[in-house]
Student: 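This is the structure I have questions about; it appears just below.
Letters go in sequence order (proteins before strands), and every chain restarts at 1. What's counted below: heavy atoms across the whole structure, side chains too, no hydrogens, waters or symmetry copies.
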Amino acid sequence: MFGHLPLWPENASTNAGNVDALYIFLLLVSGIMTALIFAVLTAFAIRFRKRRGQRAVQIEGSTHLEITWSIIPFCVMLVFFVWGAVIFFRERTPPQDATEVYTVAKQWMWKFEHKGGQREINELHVPVGRDVKMIMTSQDVIHSFFVPAFRLKQDVVPGRYTTLWFRATKAGTYHLFCSQYCGTQHSGMIGWITVMEPRDYEAWMSGGASNQPLAVTGEKLFTELGCVTCHRSDTQGRGPNLAGVFGKPVLLEDGRTVTADENYVRESILEPGAKIVQSFKPVMPTFQGQVSDEQLNALVDYVKSLAGPQSGRPANANGMAVATPQP
Amino acid sequence: MHTSRAVVGEPAHKNPALLHHFVTEEQQKNAASLGMWVFLAQEVMFFGGMFCAYLVYRYKYFADFGSASQQLDIRLGAINTVVLICSSLTVVLAVRAAQLGKRMALVFWLLATIFLGLVFLGIKADEYAEKFEKHHVPGASFSYHELLPGQEKLPAAERQYANPRHAEMYFSLYFAMTGMHALHMVIGVGLFGFLAYMAWRGKYTPDYYTPLENGGLYWHFVDIVWIYLFPLLYLIDRHR
Amino acid sequence: MATAVVTDSGERENYLNAGHGPKSWLLTVDHKRIALLFLISITFFFFIGGFFALLIRLELLTPAGDLVQSDTYNKLFTMHGQVMVFFFLIPAVPAVLGNFLIPIMIGAKDLAFPRINLLSWYLFIIGGLLMIYTILNGGVDTGWTFYTPFSSEWSKTNVISAIVGIFFAGFSSILTGLNFIVTIHRMRAPGMTWNRLPLFVWAHYATSIIQVLGTPVIAITLVLVALERLLHLGVFNPSLGGDPLLFQHLFWFYSHPAVYIMILPGMGIVSEIVCCFSRKRIFGYKAMAMALLGIAVVGFLVWAHHMFVAGISVYAALIFSLLSYLVAVPSAIKVFNWTATIYKGSVTYQTPMLYAFGFVGLFTIGGLTGLFLASLGVDVHVHDTYFIIAHFHYIMVGGMVMAYLGGMHFWWPKISGRMYPEGWGKLAALIVFIGFNLTFFPQFILGYMGMPRRYHSYPPEFQILNVLSTAGATILAVGYLLPMVYFMWSMRYGKPAPPNPWNAAGLEWQTHSPPPTFNFDEEPVVTWEAYNYDEMGEIPEKEEVPVAH
């Protein structure tokens, strides 16, 4: 229990130190304010306690004081706001070539799949010093991916992808908690993030049964499900050619432009009528109910792999562009 | 400090309708009016939640909502709109009759309002029944196979159909919103039945017709909700 | 004081002895009797919610989930939250103290709509019965926040009966707010202008606006969830094309302002107490009144700070973070003004004042931790952990419940005609303060360390702080039981109270203790400003309590 400071978790990511710094600053300011108010209250309570022959002095108020002690606290709060906003902005902007890990949460376990096809349940191996981006969805209810050592969490929502990125700084094993109540075994939906030195990580990745990379699984599905019939790579088929599409803007037939991110690809498979690419007919059937979340991940990763080298993929403030304004 | 009896506004005689805790009839009337307005404000927020959900999904499932909307009978909806507007007129005429002390006219206009309200509910019931028959009621037996708006102009092989799940969302909101509205209409009809009875008993005079005014306010509000429901539910995408 | 009415038995007529028997209570339209009906009801629910809390804390003594099963634990924290929020915190001050005092404070005979007031109580009872049915029929396990799709599709418990119960409680709350708004606008006695209103009345006015405009939104939202469960509609269910975030927006649109429904009346109480026990008018009356209204209005604009990690866009998060800091400003103003009120006062430390001090201190801490949460970078880490639990309990329990107890002690002589035993009062206040801090301060640390909320079992390194917290909870329970006991004791054996035992300003102290049914022997005409302590004497010493009449 005393392996680490009993006041906060281990500091295991590039983000954690920043959050702790802001937290300590907040603690200091709050502590000073609290001490001040307690001290003044105590002092007044003693100094102005009822004494024989001394009456209270009626004071109406002071507009100057009201303004002063409105503006100054608000300015201090603006510091909290800006500092917190900067940290948040960085947290929500994954770097360009982060290693991606697909996550499917379900009652009551975490299923991870690396790009190389390695699967893990409730335990995630990542290397030190590399940017990792989690692309997450839920099979059933809302869960939340929480790693205290990284000071990060993100709700995992059914029906869409949400993302979270981090760069681990210290090898070790850290708690993973589900932090959005999800039913009976909510407090049992826990696991470990195992951060390894790069060499150990490579050894781990290549060990075990040989895995089929996620994109290859996706390619196989792409053929099995018949996607390849319309989305041809040679001549123009009934559907758009998907080579180089991922991460780029797409012009829709109603005039809107959206970015082809993970959510866009997922939606195109499950609800093809939602966004029709310009000059194409709305003839794609839906695959709702025919593909599992894991298969969707594989297909998304395959489409991603068709984009060629990972440059040029916009990494913006949401980790993925929001195609339409979200509520 | 001391207390003394107020002399402002003491009525020369006490109207039997004046309740014990009010000092003057005017105070009682103002309180009742303000109370009804505050109540209507919270009704706006109540319906507002559903309107908010409708707007979100209308934006998300734009074309499918258009398709589902076209399944409603626009003539029945229009008739109902006229019916409700007329019923608001009869309400106003009732209040006028009370102001003029015309008891039989008052009762007549109140009954006319009730009649029009029942006509509205009857037409609504007919619409609901038709939705039942066509399996457009959300739930286990929902089924939807209709074109998106404007698709009938295309050759048969290219026509695009609406997404049934999204159409079901439309009908969920349709039944929730019109159902809640109809519930308020039923309450209104009951309320007006009570007012008609009291009017027939001679309770309302040119000096005291506050319940009629406030009941009228409620009825007008329910009418206005429909004025918003009608275009949002019946009239979207009709131009295509 | 003019001559009072005398009953047949020769004692002075007051609202307690005017009419006997169950019918005279269950069909009363007297706002004071309705207040007592509410008092009994909400106290009942407070102890039910408190019982669930005790079970939760007992379970959390050990890291393993070994006291109750997981499903049971999930029901315990759900029902603790629902009962405490909807059946205690929201109605407690308005429906008890507000109902009792507002007409008297403004010089009226009753609220504007006495029968609607009674209806409000019956709606609360119906809602309460449905809640009890829910509890006895196996409970509900959705969390008090009812997030979809768990609540609308996956939970196998009594979600619908819980929702209907809360719906009725909400309707009760709306009617109370409606009644207060109209009463304050239309029923003020001659000379009682807006600028002479006690801050207690201003606080309830601001609260009522929130009740009337906010509660309908959660009403319709929960109705939609219930319909979704019953009829498999898809409004919030992604597997049917719905959006679970839409639920969260609609839910929090009410539930954030709801926390201001809970705290604003408490702030009103504190203003009354601080002024009386410093013998001073409030510092900055206008600013205090504006702050109440400001909190009410801005409180409607910050709801999505509960959703920073839910999947909303970064830009939305930034806006709501900034607005959340804005709403902190009027709260801070109030703390400074209360402190300034004590300056150059003549302070005594009767029980109500102890609770008021406790409120100011603990509300300060709770409010400051709100600044932590409004900061996006920190919130991402502590959201859905024990930090949040500590934050809101500091405000709700350290703030609201202490204000409520302070108010109950302050106005107990007026309500019951008896004095409570002052020594026991002080002791209970101290026990509550100690027990409260021991219970909830460790939870801030637990939260930053990463212990998620709603956890039945937890990693062993969190145990020591949990043990401290549970120890505090048992102390707190004792602190709450004591007033129950001695208030009831005082109804029989307490010293009879004079009309104004505290020599306090305010119209309620100008009438008898307990008041007559129509509040005043003659309608008051107000010619003085609020908190006219320059004209009042000192607080009577213990020995000088005048004879009651």
Student: First locate atom CZ of F46(B), then atom OG1 of T221(C), and finally report the distance between them rounded to the nearest 0.5 Å.
Tutor: 9.5 Å

Student: When you compare the side chain of V23(B) with that of E523(C), does any pair of heavy atoms fall below 4.5 Å?
Tutor: yes

Student: A side-chain contact here means heavy atoms from C-beta on lying under 4.5 Å apart; do M187(C) and H21(B) qualify?
Tutor: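 Counting from C-beta outward, M187(C) and H21(B) do come under 4.5 Å.
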
Student: Could you tell me which of R165(B), H166(B), K60(B) has the largest number of non-hydrogen atom pairs under 4.5 Å with chain C?
Tutor: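 The answer is R165(B).
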
Student: With a 4.5 angstrom heavy-atom cut-off, could you sort out which part of I174(C) is near chain B: side chain, backbone, both or neither?
Tutor: side chain

Student: Do L231(C) and P138(B) come close enough that some side-chain heavy atom pair is under 4.5 Å?
Tutor: no

Student: Using non-hydrogen atoms only, which part of Y61(B) is less than 4.5 Å away from chain C: side chain, backbone, both, or neither?
Tutor: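 The answer is the side chain of Y61(B).
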
Student: Under 4.5 Å from any heavy atom of chain C, what part of A176(B) do you find: side chain, backbone, both or neither?
Tutor: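 For A176(B), the contact with chain C is made by the side chain alone.
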
Student: Closer than 3.5 angstrom, by distance alone: can the side chain of Q27(B) be matched with the main-chain N or O of R186(C) as a donor-acceptor pair?
Tutor: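 Looks like yes, one N/O pair under 3.5 Å.
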
Student: Who among G177(C), A189(C), G107(C), S239(C) has the most heavy-atom pairs with chain B under 4.5 Å?
Tutor: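 Of the options given, most contacts go to S239(C).
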
Student: Is chain B contacted by the side chain of A108(C), its backbone, both, or neither, given a heavy-atom distance below 4.5 Å?
Tutor: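 Looking at A108(C), nothing touches chain B.
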
Student: Quick one: does I220(C)'s side chain get under 4.5 Å of M180(B)'s, heavy atoms only?
Tutor: yes

Student: Starting at CZ of F113(C), measure out to CZ of F39(B) and round the result to the nearest 0.5 Å.
Tutor: 11.5 Å

Student: H20(B) and F518(C): aromatic ring centres closer than 6.0 Å?
Tutor: yes

Student: Tell me, for Y57(B) versus chain C, whether the close heavy atoms (under 4.5 Å) come from the side chain, the backbone, both or neither.
Tutor: side chain

Student: What part of I218(C) is in contact with chain B, defined as an atom under 4.5 angstrom from a non-hydrogen atom: side chain, backbone, both or neither?
Tutor: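 Nothing of I218(C), per the 4.5 Å heavy-atom cut-off to chain B.
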
